[in-house]
Amino acid sequence: MRTTLKRGMGRAATVNGNGRAVLPPAVVEPMRRYAPPPPPPPPSTRSTAAKIFGWILLALVIVVTGLSGGLYLYAHETLNALAPHSKEVKASQKDLAKLPAPSEPAVALVIGYDARAGALGFSAKDSRSDTIMLIRADPQTNTLSLLSFPRDLQVPIYCDPTTAVTTDRINSAWSRCSVRGTLDTVEKLTGIPVNYLITVNFHGFKLLVNKMHGVYMQVDHRYINTVTGPSGYAKIDLEPGYQQLDGQQALDFVRFRHTDSDIYRLARQQLFFEALKDRLATSMSLTNIPPIIGALKNNIVIARGGSGGALGFTEIEKYAGLASNLGGGHLFRVQIPNLVNCGFLNAQVCATNADMQAAVASFMHPDVTLPTRANAVALGRKPQAPKQPPLQRAAITTLVLNGTNVPGLARDTSYKLGLQGFHTVQLPPPAQPNAPTQTYDQTLVYYDAVQPNAKAAARQIAVAFGPHAVTAPLPPELSPLALSAANPLVVVVVGSSFDGQLIDPQANIVATPVHETASVRIDPGYAQTAIRDVRSKLPFRLMVPHVIESSSYFAQLEPVRAYKPIAGRSALCLTFARGNIYWQIMETDWTTAPVIRRPTDHIALADGRRLDLYTVGGNIHMVVLRSGAASYWVVNTLRDELSNETMLAIAKGLQPLGSK
C-alpha cells in the first residue's frame with residue numbers, strides 16, 4: 001500500500017526538561033518499646049529521562065517478553081547486556097527519533113522473532129519476524145496504545161529511510177534487510193517516529209513467562225492439534241476458560257492462526273498484553289525480578305534514540321508499579337480496519353491509505369472518554385459531555401515559525417491554520433517568520449505555560465500536524481519572538497518532516513457509538529441441562545443464561561468445562577460459537593481474579609445485583625455480574641464482535657439454576 005504520511009526522525013530538535021518523580025512514602029513501622037523506628041530513606045531523584053523511560057520500558061517488554069510494570073534493571077552489567085551489539089541493530093539505531101521530554105509520549109517498536117540461529121541471531125535466513133507492534137506510552141493521559149500489523153500486510157519495503165526496494169509482506173522486511181528494514185518500513189508506512197526499538201526472540205518469551213510462574217489468560221475456545229510437519233501446523237493443546245498458561249502454552253496461543261486468521265492472532269497478542277499487565281500488577285515482587293532480568297539479558301536487545309548506548313541506571317532506577325496504576329479504560333488496542341485479501345490464494349492483505357491513517361490517529365490520540373460514552377449509550381443513558389471540551393479554535397492564538405530552509409513554509413502553514421479556524425498572528429515587519437535555526441526535523445508545538453489553557457491549546461493544534469508533532473513548554477530562545485507577536489498561546493516551529501498537509505484536529509475524536517438493538521434470542525432451556533449435569537462439581541450457586549446471542553450455539557469441542565483455575569477455587573466455562581468465532585460465560589468463586597480488578601463502569605440492576613463493565617475503546621469486552629460469593633462473566637469474542645447491547649442483554653439474563 002502507499003501512504004502520504006512522512007516519518008519524522010527527530011534528529012535536530014530536542015525538547016529539554018528536568019522532570020522529577022517522587023517515590024511513594026515509605027511505610028512507617030509503629031513505635032516499639034525495644035527499638036526506635038528506622039529513619040526514613042533519603043529522597044530519591046531521577047534523571048530527566050527516568051519518567052519517560054519508565055513508560056517505555058513498561059511498553060517495550062510487556063507484549064512480547066512477558067514483563068510489564070514493576071521492572072528493576074539493577075546492575076550496570078545487565079543494562080549493558082541489553083544494549084545493541086550487532087552491526088544490524090547498531091545500524092538501525094541511527095534511524096530512531098530522539099527521546100522526548102519526560103512528560104511527553106514515547107513510542108517503541110517491538111519485534112518478536114523466531115531465532116533459529118541462536119538467542120541473539122539476526123541472520124535473515126535464520127529467523128522470521130512473527131510479531132510487529134508499536135506501543136505508545138503517554139504519561140499526560142496515563143494511557144497505553146497498541147498498534148499491531150498483520151505479518152501478511154502488503155506494504156512498500158524499505159531497507160533504509162529513503163528508498164523502497166519492493167512491495168511485499170511486511171514481515172519480509174526482516175528477511176530482506178534485518179531489523180533496520182522492519183524499522184524503516186514501519187516508520188514509512190505510519191509516519192510515526194519511533195524512539196525505542198526492541199527485538200525479542202521466542203525463547204526469551206517462554207522463559208520469561210515461566211519465570212513469572214505463568215500468566216492468566218482467557219482462552220476463547222478449545223485449541224487442539226497434534227499433527228505437525230508438512231501435513232499439519234504447530235502443535236497446540238489448550239482447554240477453554242480463564243486459566244494459567246506456562247511459557248510454551250502462551251507462545252502457542254499468541255502465534256496460533258490456522259483455524260481463523262492473522263487478524264485474530266493479532267487480537268490474541270494484544271489480549272496477552274493485558275493479561276501480562278494484570279499478572280504483574282497483582283504478583284510482581286522484588287524476589288522474582290532478578291530471574292526475570294536474567295532471562296531478559298540473553299534474549300532481548302534495546303536500542304534507544306538520540307545518543308544511543310546502553311540504558312542508564314538512573315533512567316529506570318526504582319521506577320515501578322506503573323502497570324498497576326493504569327486505570328480501567330486507559331489501554332487501547334488498535335488494529336487496522338477494513339483489511340481485504342489482495343494476494344495470490346488470499347495469502348496477503350491490503351489496507352487503504354485512509355484506513356491506515358485512521359489506525360494511526362486512534363493510536364496517537366487515544367480518546368479516554370470513549371469507554372464511558374460507549375457504556376452510556378449501551379445502557380440507554382445520555383453520554384456526559386467531556387470534562388474538558390475542545391477549545392474554540394478562534395481562541396487559540398498561534399505564531400508559526402519556519403524551522404527549515406523551505407521558502408514560505410511558515411506563511412503557507414499559517415494560512416492553512418487560519419482556514420481551519422485558528423487565530424494566527426505574525427511577527428511585526430520587517431521580521432521574517434523564521435526559527436533561530438533552520439535544522440528542525442520534527443514539528444515542535446510550544447505553549448506558554450504561564451497562560452491558562454495554553455497546554456491544552458498546544459495539544460489540540462498539534463493534532464493538525466500529524467504524528468510528527470511534539471508539544472513542549474516555550475523555550476527561552478523563542479520567548480522574544482512570542483512577545484513581539486502579542487504573546488500567543490502557541491508557537492509552532494514547522495520541521496522538515498511536515499509534508500504541508502494539515503489534518504482536521506477533530507478527525508481523531510471518535511464519535512459516540514449509536515445505540516443498537518441487542519441481537520439475542522430468549523432461550524432459557526438451551527444451556528440448563530448441561531449446567532445441571534456439572535452442578536455437583538461446583539461449590540457455588542450456578543447461573544443459567546436465559547438470553548443468548550441470536551446466532552450462537554454451543555461450541556463443538558468442550559462447550560461445558562468445570563475445572564479449578566487456581567487451588568481452592570472452582571469455575572465453569574460455557575463456550576458458544578457464532579460461526580468460527582467464540583464467546584463465553586464464566587462462572588467462578590474466584591472473585592479476585594486479576595482480569596476483573598479494574599472495571600470501567602458499574603451499574604445496579606433492579607433486583608439489587610451489580611454489573612461491572614470492562615470496556616476497551618468503544619467495545620465492551622466483558623460484563624461481570626457480582627452476586628454473593630461468586631462472579632459471572634460474559635466474555636466477548638477475541639475482536640469484540642458482539643455489540644455492547646448484546647453483551648449487556650446476556651449478562652442481565654443470567655438467572656440462578658433452579659432445584660429441578
Min side-chain heavy-atom separation S496-Y440 under 4.5 Å: no
Test item: H330 side-chain N/O and N142 main-chain N/O as donor-acceptor pair under 3.5 Å: yes
Over 12 foreign heavy atoms within 6.0 Å of CD, Q392: no
Side-chain donor/acceptor of Q460 to backbone N/O of L391, under 3.5 Å: yes
Pair F332 + F363: ring centers closer than 6.0 Å: no
Distance (rounded to the nearest 0.5 Å) between L339 CG and D355 CG: 7.5 Å
Under 3.5 Å: donor-acceptor pair, side chain of K416, backbone of G500: yes
Approximate separation, where rounding is to 0.5 Å, of F498 CZ and Q442 CD: 14.0 Å
Q426-S414 side chain donor-acceptor pair, cut-off 3.5 Å: yes
N402 (side chain) donor-acceptor with N405 (main chain) under 3.5 angstrom: no
Rounded distance (nearest 0.5 Å) linking atom CG of L409 with atom CD of Q438: 11.0 Å
Salt bridge present between D367 and R373 (N-O < 4.0 angstrom): yes
Side-chain heavy-atom pair C350, L153 within 4.5 angstrom cut-off: no
T443 and V470, any side-chain heavy atoms less than 4.5 Å apart: no
Point-to-point distance, once rounded to the nearest 0.5 Å, from CG of L147 to CD1 of I132: 11.0 Å
Criterion side-chain hydrogen bond (donor to acceptor under 3.5 Å, both in side chains) against S148, the qualifying member of Q335, Q270, Q269: Q270
Residue pair Q420 / L502: nearest heavy atoms and the distance that separates them: NE2-CB, 3.7 Å
Evaluation steps, side chain to side chain contact (heavy atoms under 4.5 Å, CB included), between L183 and L109: CA-CA 7 Å; L183 170 64; L109 173 62; 4.0 Å; yes
Heavy-atom donor-acceptor pair, Q154 side chain to A351 backbone, under 3.5 Å: no
Nearest heavy atoms of P156 and T185, plus distance in Å: O-CG2, 3.4 Å
Side-chain donor-acceptor contact under 3.5 Å, D138 with T143: no
Main-chain N/O of V107 paired to N195 side chain as donor or acceptor, under 3.5 Å: yes
Residue pair L489 / A395: nearest heavy atoms and the distance that separates them: CD1-O, 3.5 Å
Euclidean distance, T600 OG1 relative to M622 CE, rounded to 0.5 Å: 10.0 Å
Closest heavy-atom pair and its distance - H515, V377: ND1-O, 2.8 Å
Gap between atom CD1 of I336 and atom CG of L266 - 0.5 Å precision: 8.5 Å
Side-chain heavy-atom pair Y196, V110 within 4.5 angstrom cut-off: no
Y614 vs I620 side-chain heavy atoms within contact, under 4.5 Å: no
L134 vs I192, side chain to side chain contact (heavy atoms under 4.5 Å, CB included): CA-CA, chis, key distance, verdict: CA-CA 9 Å; L134 287 173; I192 298 173; 4.0 Å; yes
D184 side chain to K188 backbone, donor-acceptor under 3.5 Å: no
Sub-4.5 Å side-chain heavy-atom contact between P473 and Y447: yes
Heavy-atom check, side chain of L189 versus side chain of F149, under 4.5 Å: yes
Member of V490, T397, N487 meeting the side chain to side chain contact (heavy atoms under 4.5 Å, CB included) criterion with D448: N487
Side chain to side chain contact (heavy atoms under 4.5 Å, CB included) between T398 and L417, worked out: CA-CA 9 Å; T398 305; L417 285 172; 4.3 Å; yes
Sub-4.5 Å side-chain heavy-atom contact between L401 and L427: yes
From CA spacing to verdict: side-chain hydrogen bond (donor to acceptor under 3.5 Å, both in side chains), N375, T615: CA-CA 8 Å; N375 291 345; T615 307; 2.6 Å; yes
Residues R180, D95: salt bridge by 4.0 Å N-O rule: yes
Side chain to side chain contact (heavy atoms under 4.5 Å, CB included) between L197 and T182, worked out: CA-CA 10 Å; L197 172 66; T182 302; over 6 Å; no
For P433 against A410, the heavy-atom pair lying closest together: O-CB, 3.6 Å
Expected output: side-chain S362 to main-chain V334 donor-acceptor under 3.5 Å: no
Donor-acceptor contact present, side-chain N619 to main-chain H621, <3.5 Å: no
Non-hydrogen atoms of V194 and E187 that approach each other most closely: N-OE2, 2.8 Å
Check: R136 side chain, P105 main-chain N or O, donor-acceptor pair, under 3.5 Å: no
